[in-house]
Amino acid sequence: MFLLTTIHGIPVFPTAASTAAIQQDRLAWFLLLVTGGITLFIAVLIVTFAIRYGEHRHPQAVQIEGNNLLELGWTAATLVIFMVMFFWGARLYYHEYTEPPHAIHINVIAKQWMWKFQHAEGQREIDELHVPVNRPVVLTMISQDVIHSFFVPAFRLKKDVLPGRYRDLWFQADKIGKYQLFCSQYCGAEHSRMRGTVYVMSQADYAKWLQNSGAMGSAAYDGERLFQDLACITCHRADSTARGPNLVGLYGRTVHLNDGSTVLADDNYIRESILYPNAKIVAGFEPIMPTFRGQIDESQLLDLVEYIKSLKTQQQLEPYNNRSAPPNGPRPTESRTQQP
Ligand code: HEC
Ligand SMILES: [Cu+2]
C-alpha cells in the first residue's frame with residue numbers, strides 16, 4: 001500500500017485514522033509526485049540548456065518551426081494526467097458528499113469558543129466527542145454565532161460551520177485512539193483555544209460509554225417535551241380541528257407551498273419553519289404560526305428537529321393523555337402534500 005506518514009520518524013502527514021484519510025493521502029501524494037516531478041524536469045532543462053546553449057557556445061540561434069508529433073504528444077500526455085487527477089478527485093469528493101445509510105447521527109453546535117455535541121441517544125458533551133470505531137458517523141453542524149470550522153486532521157476532515165444553516169459532514173474512524181479537533185476559521189479572541197478531542201472507541205466501549213454517560217432522555221424525547229411546552233401541539237395536532245399541518249412523516253417528504261412551488265422537508269426546512277414561519281407557507285394553510293426566534297436556542301431547535309424527524313405514526317403526535325386513542329380517519333391536513 002502506497003502510504004507514507006513518516007520519513008525516518010519525522011512526521012510528514014498526520015496519523016491517518018479514518019477511511020477517507022488514506023484515500024486522500026494517496027491522492028495528495030500523487031499530486032505531489034506529478035507536480036514535483038514536472039517542476040524538477042523543467043528546472044533540470046533550464047539549467048542544462050543554459051549551460052549547453054549559452055551565448056559563447058552557440059552565438060547563432062537556430063529556429064525550430066514546430067514539431068507536430070511533439071506537440072500532440074505533450075497535449076495528450078497532460079490531458080491524460082489532468083483527467084486522472086480530475087476523476088480521482090471527483091470520486092473522493094462524491095464519496096465525501098454521499099452519506100452512508102445506517103450512520104450514527106450526532107448534532108454539533110459551535111460557538112465562541114467551544115464545541116457542543118448532542119448524541120441522538122441524549123448524551124451531551126463539550127469539547128469532547130466519543131464515537132465508535134468502524135461505523136459511519138454523520139455530523140449535523142451549526143454555529144450559534146460566527147463562522148467556525150470543524151477540523152480533525154487525523155480524519156482529513158474539515159468543513160465550515162455556519163450560523164443559521166445546518167451542514168452535514170460524515171466520517172468513519174478506523175483506528176481506536178484520541179485525536180485533536182480544531183476550529184480552523186479565525187473566530188475571535190479565543191479562537192486558538194477552540195479545541196477539542198475526538199475519542200474513537202471500540203464498539204463495546206462505546207456502548208458502555210453511552211450507558212454510563214447519564215443521558216436523561218433521547219434528543220427526540222427532549223424535543224417532544226419542548227413541543228408540548230411551547231404549545232406547538234395546540235396547532236400541530238393529529239385531529240381534524242388542527243390549525244397547522246400534521247407533522248407526521250414530514251421529514252424527507254416534498255411539501256407543496258401556497259405559491260405553487262415545492263420544497264424538500266429536510267433539517268434546514270424544519271429549522272426555517274420554526275424561526276421564519278412566513279418564509280414558506282404550506283399550501284392550504286394560513287400564515288398564523290408565530291415565530292420562535294429568540295425563544296429557543298440552537299440546542300433546543302436541534303431537539304425539536306430530532307423530534308419532528310422521529311414522527312412516523314399518528315400516535316406519536318397525540319398528547320400524552322390520549323396516546324391510546326385510535327386515529328380518527330383522514331384529516332384535512334393530509335391533503336396539503338402528496339406522498340412521493
Ligand atoms: C398558532 C398555531 C401554530 C403554532 C403554535 C405552531 N405552528 Fe407550526 N405551523 C402552523 C401553520 C398554520 C403552519 C403552516 C403554514 C406555514 O407554513 O407557516 C405551520 C407549519 C409548520 C411547519 C412546516 C410544516 C410542513 O408541513 O411543511 C413546521 C415544521 C412547524 N410548523 C413546526 C412548529 C413547531 C416546532 C412549533 C412549536 C415550536 C410550531 N410549529 C408552532 C401553525 C402553528
Ligand atoms: Cu471557532
Side-chain angles (χ1 to χ4, degrees), residues 108-116 127 141-151 158-163 166 181-196 220 222-238 241-259 261-297 300-311 317 331-339:
V108 181
I109 302 169
K111 59 177 247 182
Q112 286 166 324
W113 289 275
M114 64 172 75
W115 296 102
K116 297 206 283 185
D127 290 344
M141 312 191 294
I142 192 154
S143 163
Q144 207 167 295
D145 35 53
V146 299
I147 298 177
H148 300 276
S149 191
F150 186 92
F151 180 33
K158 179 155 80 175
K159 194 164 195 169
D160 280 5
V161 185
L162 309 180
Y166 296 128
L181 156 69
F182 298 99
C183 173
S184 66
Q185 196 67 263
Y186 181 66
C187 58
E190 283 177 54
H191 160 69
S192 62
R193 290 179 52 195
M194 192 165 162
R195 283 172 302 177
D222 288 343
E224 176 167 16
R225 284 210 318 235
L226 275 170
F227 201 77
Q228 318 249 345
D229 294 347
L230 296 167
C232 316
I233 191 82
T234 56
C235 293
H236 295 286
R237 274 183 330 214
T241 58
R243 290 186 290 163
N246 187 341
L247 301 180
V248 172
L250 171 67
Y251 188 70
R253 188 162 71 188
T254 305
V255 177
H256 294 254
L257 304 176
N258 65 351
D259 63 1
S261 61
T262 57
V263 59
L264 175 73
D266 58 6
D267 301 54
N268 278 310
Y269 170 76
I270 296 175
R271 176 195 164 80
E272 184 190 64
S273 298
I274 300 170
L275 296 183
Y276 306 94
N278 292 341
K280 297 191 179 79
I281 308 294
V282 181
F285 287 90
E286 296 299 319
I288 53 161
M289 176 165 159
T291 172
F292 290 86
R293 203 162 58 239
Q295 293 178 44
I296 43 176
D297 62 23
Q300 291 171 314
L301 256 170
L302 280 163
D303 288 342
L304 275 174
V305 173
E306 289 298 332
Y307 170 61
I308 293 172
K309 279 161 89 166
S310 76
L311 290 171
L317 201 62
R331 298 169 177 81
T333 51
E334 283 173 354
S335 59
R336 81 199 196 283
T337 54
Q338 276 135 28
Q339 302 292 130

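Numbering of ligands and ligand atoms starts at 1, following listing order. For the single chain, residues carry numbers from 1 onward in sequence order. The analysis underlying the following values was restricted to heavy atoms, covering all of them including side chains, and did not include hydrogens, waters or symmetry mates.
Closest approach between the Cu ion (ligand 2) and any N/O/S atom of His148 involves ND1.
Side-chain contact of Gln185 with Asp160: a donor-acceptor pair under 3.5 Å is present, judged by distance alone. Between the side chains of Tyr307 and Asp222, not a single donor N or O lies within less than 3.5 Å of an accepting N or O.
For Ser273, every N, O or S atom stays at 2.8 Å or more from atom 8 (Fe) of ligand 1. Counting backbone and side-chain atoms alike, His191 contributes no N/O/S atom closer than 2.8 Å to the Cu ion (ligand 2). When distances to atom 8 (Fe) of ligand 1 are checked against a cut-off of 2.8 Å, His236 contributes an N, O or S atom below that limit. At a cut-off of 2.8 Å, Met194 coordinates the Cu ion (ligand 2) through an N, O or S atom.
Remark: ligand 1 atoms within the under-4.0 Å shell around heavy atoms of Cys235 are 1 (C), 2 (C), 3 (C), 4 (C), 5 (C), 42 (C), 43 (C). Here is the list of ligand 1 atoms found below 4.0 Å of a heavy atom in Glu286: 12 (C), 15 (C). Close approach of ligand 1 to Val255 (heavy-atom distance below 4.0 Å) involves ligand atoms 27 (O). Each of the atoms 5 (C) of ligand 1 lies under 4.0 Å from some heavy atom of Ala231. Those atoms of ligand 1 that come under 4.0 Å of a heavy atom in Arg243, given as number and element, are 12 (C). Each of the atoms 35 (C) of ligand 1 lies under 4.0 Å from some heavy atom of Ile274.
At least one donor-acceptor pair under 3.5 Å links the side chain of Asp145 to the backbone N or O of Gln112. Thr291 contributes a side-chain N or O that, together with a main-chain N or O of Leu275, makes up a donor-acceptor pair within less than 3.5 Å. A donor-acceptor contact shorter than 3.5 Å links the side chain of Asn268 to the backbone of Tyr166. Remark: the backbone N or O of Arg225 is not paired with any side-chain donor or acceptor of Gln228 at under 3.5 angstrom. Checking side-chain atoms of Trp115 against main-chain N and O of Phe150 turns up no donor-acceptor pair under 3.5 Å.
Annotation: Tyr269 places an N or O atom under 3.5 Å from an N or O atom of ligand 1; distance criterion only. Looking at Phe292 next to ligand 1, no N or O pair under 3.5 Å apart turns up. Below 3.5 Å of separation, one finds no N or O of Leu304 facing any N or O of ligand 1.
By the criterion of a heavy-atom distance under 4.0 Å, the side chain of Leu250, and not its backbone, is placed next to ligand 1. Counting heavy atoms closer than 4.0 Å to ligand 1, residue Ile296 contributes nothing at all.
Inter-residue side-chain proximity for Leu301 and Phe292 is flagged as unmet; no heavy-atom pair is nearer than 4.5 Å.
Atom OG in Ser273 sits 7.5 Å away from atom CG in Leu250 (nearest 0.5 Å). In this structure, Ile142 CD1 and Leu162 CG are separated by 8.5 Å, a value rounded to the nearest 0.5 Å.
By the 4.0 Å heavy-atom criterion, Pro290 is counted among the residues contacting ligand 1.
Using a cut-off of 4.0 Å between Lys/Arg side-chain N and Asp/Glu carboxylate O, Asp259 and Lys280 are scored as not salt-bridged.
Put simply, the angle at the Cu ion (ligand 2) from SG in Cys187 to SG in Cys183 is close to 120°, to the nearest 10°.
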